[in-house]
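Take a look at the structure below.
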Amino acid sequence: MHKSVILFVVATLLFNLTLSAQGQPDSWIGIDCGSNKSTATFGLIWDTDEAFIKSGTNHLVPDNTLIDLVTFQTLRAFTDQNKNCYTLPRSSDNGYFIRAAFLYANYDGQSRPPTFDLEIDGNKWTTVVTTPTDYAFYEILYWTHKPNISVCLATTHKDEFPFISTLEAWPISYDMYTGLSRDLGWLTTYRYAYGSNTEVFGYIGGDDYNRIWEATSVANAVNTSGGSVSYCDENVPSSAIEDAVESPDNATSLWLNFGAVKSATPIFIEAYFTVTAAGYSDIRSFEMYEAGSYAATITPSDYSCTTQSNFVQISSGTNLSIELRPTAQSTLPPIISAIEIYTATDPLIKTGTNQTDLNGLMSFTNTYDPLKGWSGEPCLPADTVWQWLGCSATTPPRVTSLYLSGYQLNGSLTNFSQMQALVNIDLSNNDLSGEIPDFLGQLPNLRTLNLAYNDFSGDVPTTILNNRKLAYNVTGNPKLNVERKDGGSSKGLIIGLAVGITLLLIAVLLAVFLWKRAKKAEAEPQPENGGVPPPTAPPAEEDIHEIPKDESMAPDIDLDQLEVLIHKYENAQPHLSSDDDDCVPVPVDASNDESMVPDLDFEELHQIIHQEKEKEKTAPNSDS
C-alpha cells in the first residue's frame, strides 16, 4: 500500500502531541532503520537495526527533505549481498501484522529510486517500487510457528540496491481474522474509514492493533455519522467507524471503487456498518454486490456494528468495485463506515531448505567474518538464492553448490560434512589453512572440488586421492604434499581431471584416424567405371578449405590400440545411479553442474571402429 507525504506530515503533528500519552505496547517490535540510536516517535520507542541484522550500511536522508518525522531521517541500504534479512523474534501464535516503510529521498545522490523484492520466510511478499520523494509502505497479515520471522530485501535489478526506512511487527488477538487461511499471507491492500476528515493512525489513533485507517470520502455520497459503538468485529476502533458515508437517497446505489488488485487470487473484503437511530417506521436495507456478484443483504442495527465479510476473485485488468444497492422496501439510503481489503499471497512454503544443509551453512556464517551478514532462507524463493549457493529444485531444497572463491575466508576449514547433497565446491582464492579434512572426499555426490590458491598444508587425504568420481584442484598451496601415501603415481595437482583428459584423448585420436582415412581415399585414383561419380560442377571457392600438405606430424593410429584404450576408460568409469550405496541422487540445476568432459557414446565409438576395420579388410593394400 502506498501513502502520500501529506499523510505522514499530518501524522507527525499528532504524534508529537500525544508522545507521552501512549505506553509501549506488549510484544511490539519497531526498528528505526539506519539510526545509530533509539528514537521516540509515534508515542513509541524505536530500536536500532543492530540486534536484528548484520549486513547493510546506515545513511542519513538529506536535510532538505520536507519531512520532520525522525524515523524517516535515516535508512539502511544494502549494496554487497543479493539478499539481506532482518530476524524478528516471534512471541505469539495468533498471527502478526508486519509493516515495512520506505523513503528514498535521493539519499545516494544518484536520483535512481530502486525497485526490489520484499520476502518473508522464503516467500515472495511483494515488489517494492520507490519514488524520488514519496513514502511507500507495505503491510502483511502473517501466521507462522517458527521461532523467528525473517524479513528480507532482495536485489532484482542490476545496480538497484534495496534500502529500508522502518520495520514493525505486532501480534494480533486470537479471535481476529479467523476466516483467513493460515496457509497464505494477506497483503493489506485498502483500509478506509469513510466520512472522516482525520486519519486513524495506529496506536495513538485508538487502534490497539496499530492499523492505519485512511480517511476517505466517496464521490456523489453524503458524509454522515455512524454513531458510537462499544464493540466491532476484528477489534475495529470506534474512531474508525463513528463516521460514515451514505448515498443521496433511498433509490440510489452507493458505489465504492478501488484501483487494480491482484487478479486470479483470493481477495478478502470485510465491511463495517454503523448507524444512528432511525425513525420508527424507517427501514434501512441494501444488497451488497462485489465485482458484480451478489454477496449479502445488509440491514444495520441502530448503535451497533454490523460486519460483512466475503472472498472474491477478479479477472486480470479489472478494477474492484462494490455496489451497495437499496432494496425495494428500504426507506433509508445505503451506508458504510469502514472497509478492509486484503489480497492473498501465493501459497506459503511449508518446508524451507533441508535442515542439515542449514546447519552446515550456519557453520560457515558462524566461522567466517565475511559471511556473518548472511541469514534467512538461503534457497527460497528460487529466483533469489544466496549468491554463493546453488540449490536443487526439490522439496525441501538441497544445497548442491558452494561458490566461495575469493570471499576472503581465513583459518581452518569448518566442518560441513552434513551437507551430503553437495555436487560442486569452490573454495579457491582464499586464505584457508591447516590440513584438508577427510570428509570432503567422502561427500557422496561431490564431483568437483576446487581448493586452489589457499594455504593448506599436510597431505591430500586419501579419501580425495582415491575418489574416482571426483575432479579436484589443489594447485597454489605450496605447503601441501600431493604425493600419495600408498606410493601411487598421483603427482599432478589436478589429479581428478585425468579421466576427462583420457576421454578427450580418445576423441582426438579417433578424429585424427578418420581424417587420415579420408585424406587417403581422396588421394587414391577413382575407377573409370563404378564407384562414386565425379561431381558435375567444381565446388564453389568459398567451400574449399586448405588442407595441410605435410601430414607427417599427424600420428599413425592403430585401431586395435584405440579400442583397448576405450575399453579401459569405459570399465574405469563410475556408474552413478540411485542404486549406488555411496550416492544420494540429488536433482541439480544444469546451470550449476556442467560436465567437465565431453559426452561420448561408447557403443557408437565401437561401431565406428568396427566399420573402419571392415573397410581395411576389404580395401586393397590397406595399412594402418
*Is it true that atom NZ of Lys37 has more than 12 heavy atoms of other residues, nucleotides or ligands lying nearer than 6.0 Å?*
no
Is there a side-chain contact between [X] and [Y] (heavy atoms, below 4.5 Å)?
X      : Y      : result
Tyr231 : Ser304 : no
Thr353 : Val399 : yes
Asp208 : Asn235 : no
Arg284 : Pro333 : yes
Asp346 : Asn123 : no
Ile31  : Thr48  : no
Trp170 : Arg99  : yes
Ser337 : Phe273 : no

Residue pair [X] / [Y]: nearest heavy atoms and the distance that separates them:
X      : Y      : result
Asn106 : Ser111 : OD1-N, 2.6 Å
Asp357 : Pro397 : OD2-O, 4.4 Å
Pro347 : Leu184 : CA-CD2, 3.5 Å
Asp32  : Thr71  : OD1-O, 3.1 Å

*Step by step, would you call Ser55 with Gln81 a side chain to side chain contact (heavy atoms under 4.5 Å, CB included)?*
CA-CA 8 Å; Ser55 59; Gln81 301 177 182; 3.9 Å; yes
*Is it true that Tyr135 and Phe72 have ring centroids separated by less than 6.0 Å?*
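Yes - the distance between ring centres of Tyr135 and Phe72 falls below the 6.0 Å cut-off.
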*In plain terms, say whether Arg191 and Glu139 are close enough for a salt bridge, that is, a side-chain N and a carboxylate O under 4.0 Å apart.*
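The answer is yes: the pair qualifies as a salt bridge.
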*Apply ring-ring contact (aromatic ring centres under 6.0 Å, His included) to Trp28 and Trp46, showing your working.*
CA-CA 10 Å; Trp28 178 80; Trp46 295 70; 5.0 Å; yes
_side chain to side chain donor-acceptor pair (under 3.5 Å) contacts touching residues 151-167 (sequence neighbours left out)_ = none
If we ignore angles and hydrogens, is there a donor and acceptor under 3.5 Å between the side chains of [X] and [Y]?
X      : Y      : value
Thr327 : Ser330 : no
Ser150 : Asp121 : no
Thr252 : Ser247 : no
Arg90  : Tyr96  : no

*Carefully, step by step, assess Glu199 and Glu214 under the rule side chain to side chain contact (heavy atoms under 4.5 Å, CB included).*
CA-CA 5 Å; Glu199 309 293 340; Glu214 185 176 351; 3.6 Å; yes
*Given the rule in the side chain to side chain contact (heavy atoms under 4.5 Å, CB included) test, do Thr306 and Tyr272 qualify, once you have shown the distances and angles that lead to the verdict?*
CA-CA 6 Å; Thr306 301; Tyr272 306 95; over 6 Å; no
Any idea how [X] and [Y] line up, ring-wise: parallel (<30°), tilted (30 to 60°), or perpendicular (>60°)?
X      : Y      : result
Phe268 : Tyr342 : tilted
Tyr190 : Tyr192 : tilted
Tyr104 : Tyr107 : perpendicular

*ring-ring contact (aromatic ring centres under 6.0 Å, His included) with Phe116: which of Phe161, Phe102, Trp125?*
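Only one option passes, and that is Phe102.
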*Starting from the C-alpha separation in whole Å, work towards a yes-or-no answer on ring-ring contact (aromatic ring centres under 6.0 Å, His included) for Phe52 and Tyr86.*
CA-CA 5 Å; Phe52 307 97; Tyr86 284 82; 7.3 Å; no
*Carefully, step by step, assess Phe364 and Asn366 under the rule side chain to side chain contact (heavy atoms under 4.5 Å, CB included).*
CA-CA 5 Å; Phe364 278 96; Asn366 288 342; over 6 Å; no
*Mind running side chain to side chain donor-acceptor pair (under 3.5 Å) on Asn82 and Trp386 for me, showing each step along the way?*
CA-CA 7 Å; Asn82 72 322; Trp386 288 3; over 6 Å; no
*Quick one: is the NZ or CZ of Arg76 closer than 6.0 Å to the six-membered ring centre of Phe163, and within 45° of its axis?*
no
*Which is it for Lys124 and Asp383 under the salt bridge (Lys or Arg N to Asp or Glu O under 4.0 Å) test, yes or no, and what are the steps along the way?*
CA-CA 10 Å; Lys124 171 74 175 290; Asp383 57 347; over 6 Å; no
